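Just so it is clear, the model here is predicted, and its values are computed rather than measured. Heavy-atom basis, side chains included; hydrogens, waters and symmetry copies ignored.
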Amino acid sequence: MESYELYCLSDRRFYDTPGRRETGHPDFALATRPVPAGWDHVAGELWMHYAPTGLRLPEQGWKIHVSAGLADAERALEAIWEYCVPRGIAFKFLRSEPVLVMVNSKSAPRGSSGKLVTVYPADEAQLELVLKELDLLLDGIRGPYILSDLRYGEGPLFVRYGAFVSRYTLNEAGERVLALTDDRGRLVPDHRGPTFAVPPWIELPSFLESHLAARNAVTTDELAYTIEGVIQFSNGGGVYVGHHNGTGDRVVLKEGRPYAGLDVSGRDAVARIGHERDILARLDGLAVVPKVHDHLVLGDHHFLVQEFVDANPLQRELVRRYPLTHPDATEAELAEYATWATEMVARVEQEVGELHGRGVVFCDLHPDNVLLATDGRLVLIDFEVATLAEEQARSALAHPGYAAPGDRQGPDVDLYALACVTLGLFAPQATMLLHLHPGKAFQLADLVAETFGVPRVALDGAVRTIVGPDVTSDPEMDTLPLPGRADWTDVRAALTKAIVASATPERDDRLFPGDIAQFQPGGGINLATGAAGVLYALAQTDAGRFPEYEQWLRDQARTTESGPGLYDGLHGVAHVLAELGHRQDALDTIERTLADEFGARELGMHSGLSGIGLNLLHFAATEPGLRGPATRVLDLVADRLGDVTDVPELSGEGKPRAGLMFGSSGPALLFLTAYEQTGDTGLLDLAEIAVRQDLRRCVRTPDGMLQVNQGWRTLPYLEEGSAGIALVLDRLLRHRPDDELRADLDALRLVTRCGYYVQPGLFMGRAGLLLAAAALGDDTAELVRGLGWHALPFAGGLAFPGNQLLRLSTDLATGSAGVLLALGTALHERPVSLPFLGPPQWSESVSRRHLSEEV
């Protein structure tokens with residue numbers, strides 16, 4: 001999965017690709033070198049690709065990865081170019097130093113981190129030769145260990161067997177993933193995890209056996225400690241719980257991997273481990289910090305051994321106590337929580353003061369780094385970026401919701417984070433918005449005071465710390481037309497103004513800024529994250545028609561490479577084009593999808609067969625030529641559905657997901673729609689099975705809500721959660737009443753009566769709950785009003801942040817267009833819905849039959 005932080009490099013307001021030339025981040029010098037004669041070059045967003053013209057590589061094989069730290073990157077790139085170009089060997093490399101830092105950062109995905117260059121040998125003979133020769137040429141270059149690969153020798157070379165070209169198959173969870181061909185000619189998943197593994201039908205080349213043996217020889221057996229379990233992993237290393245073999249004392253071992261887990265200063269995890277040891281030594285004797293027991297090195301990995309504190313993070317305790325994630329929180333519950341949160345802020349402030357008394361600035365204060373011990377202690381952990389007060393330094397690696405802006409130095413860094421804790425305990429994660437608009441602090445404080453009964457004056461100090469002592473108000477926030485407080489028409493106009501102001505019709509990759517998924521093939525035009533979804537929301541809510549933008553979509557639909565999916569592909573684009581009156585463009589777009597091998601698609605509505613089938617059924621009502629493809633897709637879904645107990649009781653984490661977009665509720669909606677067109681009650685049977693599959697993956701919470709169960713958390717959302725399942729179950733119950741299922745629906749819809757959701761978006765946030773409540777006929781007033789928690793000004797209009805809250809988004813799935821559509825379902829004068837989630841569309845014959853059955 002791509003890191004959202006990587007897409008924050010280019011623009012302070014919106015997610016964008018790190019390869020945008022106008023961002024001020026220069027590429028490596030090698031990237032500007034003229035392309036050699038007889039070579040092809042493709043400049044990707046992250047990678048620069050080079051290959052001899054006409055070279056035909058195998059579809060899969062052994063690939064070589066080169067790793068390098070910042071100091072050696074340019075030298076490594078130069079050596080690779082000078083070696084590969086004369087020999088006609090294809091390769092690619094990361095395009096810039098900021099990209100290299102980000103993909104090696106602490107939060108980067110561990111399975112893919114560390115790679116600077118990929119080299120593609122034509123066969124095993126060339127693999128062996130290239131490794132031997134590059135091992136000499138790259139002598140002395142050091143870089144992070146690539147966890148997914150096998151290291152060759154002691155240098156920066158690593159190997160892995162995998163795909164050279166992009167092919168896809170379904171994994172065990174029913175998701176579409178990159179594939180390899182096995183020894184029987186079948187496509188199987190190309191596993192890319194953080195451990196080296198060889199596909200079972202592939203034999204490790206003999207010249208690599210000694211390197212595998214060397215890898216396996218490194219164990220923890222020589223440690224004086226036994227590791228019992230993992231607390232967490234990061235790209236910089238793991239944090240483990242264990243005990244001392246001699247004394248039996250429980251300890252925490254914090255690992256630092258060399259050249260990995262970089263911060264903005266370029267320091268790796270090893271440097272930060274050593275720094276943390278020195279800081280904790282300075283703080284020795286304070287009860288607020290863990291004691292240091294040991295520091296050791298194993299195979300270049302450094303371990304800091306600390307006291308084990310039996311405790312819960314403040315963040316976990318917040319989640320357990322927070323009343324607004326439960327339905328219908330009472331005034332007494334809100335007051336009780338406010339008392340606890342206020343006490344926590346005071347305790348954290350006192351302990352931070354103790355650090356400052358020793359001349360230390362924490363620089364990474366946030367609720368996950370505050371432990372509430374069972375013995376009553378409050379303990380601060382993770383001092384790897386702490387600084388000395390006298391240095392007047394800025395933070396180099398901090399939680400984005402608590403990271404001080406660049407004008408704060410020394411102790412002021414902690415005071416800013418403490419102010420964010422003050423607001424964040426009442427508005428979880430909302431302090432992420434302060435980097436987008438610091439004046440949001442005024443409104444957050446007003447909402448906290450209004451919701452929890454906290455005296456507004458008690459929050460003034462935190463607000464002044466965030467915005468500055470001389471700032472008394474924020475005119476942009478003061479005049480912002482907020483949902484539930486301003487008229488619907490004013491809110492709609494403000495949302496539209498911000499969306500239109502963000503448009504970039506001069507670009508061909510995307511028209512409206514949205515989630516990072518829009519930079520995948522077809523993501524800039526599709527329904528979820530692209531132009532189609534934004535134009536759909538604007539048209540549905542009568543916010544306006546924009547011929548220039550519609551023409552952009554029509555032009556891109558003809559040429560953009562994309563899959564056939566409803567929300568991430570061409571079927572969604574076709575649906576919107578038809579809604580906008582461009583029917584021939586829509587039919588032409590659908591025609592582009594009909595050659596697809598639908599059998600290799602997942603079942604869900606977002607990307608897979610259910611969404612494709614729904615759109616084909618929709619068009620087949622007036623286009624008889626599409627009845628055959630529609631029936632074929634319907635049959636495929638029916639054949640693969642299985643029985644209720646054929647799905648596990650947990651969703652995700654390597655298992656098939658539940659819910660509307662990726663689970664069985666999508667197939668259920670397809671069967672219900674087909675039933676409404678044909679009257680075939682067998683389709684109702686299939687719909688009920690599908691709905692019960694999703695209900696099987698739900699769990700009832702202590703307060704009576706039915707939510708999708710992921711094992712470690714439960715989900716209420718439209719995409720994967722209660723709200724999406726509720727919409728389809730309600731549709732089923734219109735045709736087949738059932739008391740047991742009605743009770744389940746009541747438990748599912750309880751999630752719309754909670755007071756707070758971390759994100760505002762349609763698929764995974766408050767807007768989706770609003771859309772569900774409106775469709776189910778429930779009260780929506782508080783859901784509408786609650787959108788104010790995340791409302792922000794932009795270009796004189798109203799905007800909302802996307803997933804992860806790091807940047808604004810205008811798309812349907814995560815941003816302002818989705819909020820606009822959801823508000824329309826509750827407030828607009830005519831019916832508004834997502835495609836196929838409106839009132840049932842009965843055919844005339846089925847409608848007559850249904851009426852006679854009711855009579």
Exercise: identify the closest heavy-atom pair between [X] and [Y]:
X	Y	value
D182	W201	CA-CE2, 3.5 Å
S210	F207	OG-O, 4.2 Å
N526	G569	CB-N, 3.8 Å
H49	G44	CD2-N, 4.4 Å
D40	G54	OD2-N, 4.3 Å
S67	I146	CB-CD1, 4.1 Å

Output yes when a side-chain donor or acceptor of [X] lies under 3.5 Å from a complementary backbone atom of [Y], and no otherwise.
X	Y	value
S610	L603	yes
N216	A213	no
R510	D16	no
R142	G69	no
R151	G155	yes
R257	N235	yes
S105	L262	no

Problem - Side-chain ion pair, D190 and R160, N-O less than 4.0 Å - result: yes
Practice task
Would you check, one step at a time, whether the test side-chain contact (heavy atoms from CB on, under 4.5 Å) holds for L131 with W62?
Solution key: CA-CA 11 Å; L131 285 169; W62 289 96; over 6 Å; no
So among [options], which one has a side chain to side chain contact (heavy atoms under 4.5 Å, CB included) with [X]?
X	options	answer
S234	E255, K106, R110	K106
M605	L669, V728, I612	L669
L812	D515, T529, V576, L834	L834

Exercise for the section: Give a yes or no on whether E649 atom CD has more than 12 heavy-atom contacts from other residues, nucleotides or ligands under 6.0 Å away. Expected result: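 Count not over threshold, so no.
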Practice task
Kindly check if the number of other-residue, nucleotide or ligand heavy atoms within 6.0 Å of CZ (R184) is above 12?
Solution key: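 It does not: R184 CZ has 12 such atoms or fewer within range.
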Does the side chain of [X] pick up a donor-acceptor pair with the side chain of [Y] at under 3.5 Å?
X	Y	answer
R697	S664	yes
E59	T181	no
T814	N803	no

Exercise for the section: Let me see the working for L641 and F671 under side-chain contact (heavy atoms from CB on, under 4.5 Å), right down to the final yes or no. Expected result: CA-CA 11 Å; L641 180 67; F671 296 134; 3.8 Å; yes
Validation row: [X], [Y] side chains within 4.5 angstrom (heavy atoms):
X	Y	answer
W47	V42	no
L614	P835	no
F93	V66	no

Exercise for the section: Compute the ring centroids of H575 and F836, then answer whether they are less than 6.0 Å apart. Expected result: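 Under 6.0 Å, so yes.
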Handout entry: Steps toward side-chain contact (heavy atoms from CB on, under 4.5 Å) verdict (Q518, D509)
Key = CA-CA 8 Å; Q518 69 180 192; D509 60 335; over 6 Å; no
Exercise for the section: Could you pull out all residues at least two apart from F519 that satisfy ring pair (Phe, Tyr, Trp, His ring centres under 6.0 Å)? Expected result: Y7
Handout entry: ring pair (Phe, Tyr, Trp, His ring centres under 6.0 Å) against H41, all qualifying residues, sequence neighbours excluded
Key =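 Result, ring pair (Phe, Tyr, Trp, His ring centres under 6.0 Å) vs H41: Y50.
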Exercise for the section: On the 0 to 90° scale, with breaks at 30° and 60°, tag the H606-F763 ring pair as parallel, tilted or perpendicular. Expected result: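 H606 and F763: perpendicular rings.
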